[in-house]
Amino acid sequence: MTRYRFRDTTRIGPVEIGTYTDRYGREAHAAACTAPGCDWSASYLSRPAAELAARAHRCNPR
């Protein structure tokens with residue numbers, strides 16, 4: 001399993017966004033919610049898409 005090194009991290013509310021290089025050598029962006037009980041995360045190929053997802057995310061922890 002590949003270990004990713006995140007750079008250029010940003011926080012929008014409870015969501016953190018980080019830039020990394022995926023296994024194909026492309027620059028990718030991951031968004032993950034850090035709220036307790038929320039397991040949401042997603043990967044995107046563009047930074048604006050990750051930021052939009054972070055702004056639109058609404059936590060629904062169980």
Side-chain angles (χ1 to χ4, degrees):
M1 182 165 180
T2 305
R3 292 187 66 148
Y4 296 108
R5 293 184 181 250
F6 293 96
R7 61 186 186 281
D8 191 22
T9 59
T10 308
R11 183 176 209 117
I12 298 176
V15 180
E16 284 195 38
I17 301 170
T19 303
Y20 67 97
T21 304
D22 69 2
R23 63 183 175 175
Y24 301 111
R26 299 178 298 195
E27 187 174 82
H29 309 277
C33 185
T34 59
C38 184
D39 294 331
W40 179 81
S41 66
S43 293
Y44 301 93
L45 291 178
S46 69
R47 183 76 179 203
E51 291 177 0
L52 178 64
R55 286 187 178 92
H57 173 68
R58 298 291 176 252
C59 288
N60 191 10
R62 294 180 184 100

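In the displayed structure, R5 atom CZ is contacted under 6.0 Å by at most 12 heavy atoms of other residues, nucleotides or ligands.
Proximity of V15 to W40: side-chain heavy atoms (C-beta onward) are separated by under 4.5 Å at one or more points. Between P14 and C38, the closest side-chain pair of non-hydrogen atoms is not below 4.5 Å. Within the 4.5 Å cutoff, the side chain of R47 has heavy atoms near those of the T10 side chain.
Side chain of R11 to backbone of G13: a donor-acceptor contact under 3.5 angstrom is found.
Atom CG of D22 sits about 10.0 Å away from atom NE2 of H29, to the nearest 0.5 Å. Note that SG of C59 and CG of D39 are 10.5 Å apart. Values are rounded to the nearest 0.5 Å. The distance from the OG1 atom of T19 to the CD atom of E27 is 5.5 Å, given to the nearest 0.5 Å.
The aromatic rings of Y20 and F6 lie perpendicular to each other, with more than 60° between the two planes, well past the 30° mark.
Residues A50 and A31 approach most closely at O-CB, 4.3 Å, considering heavy atoms.
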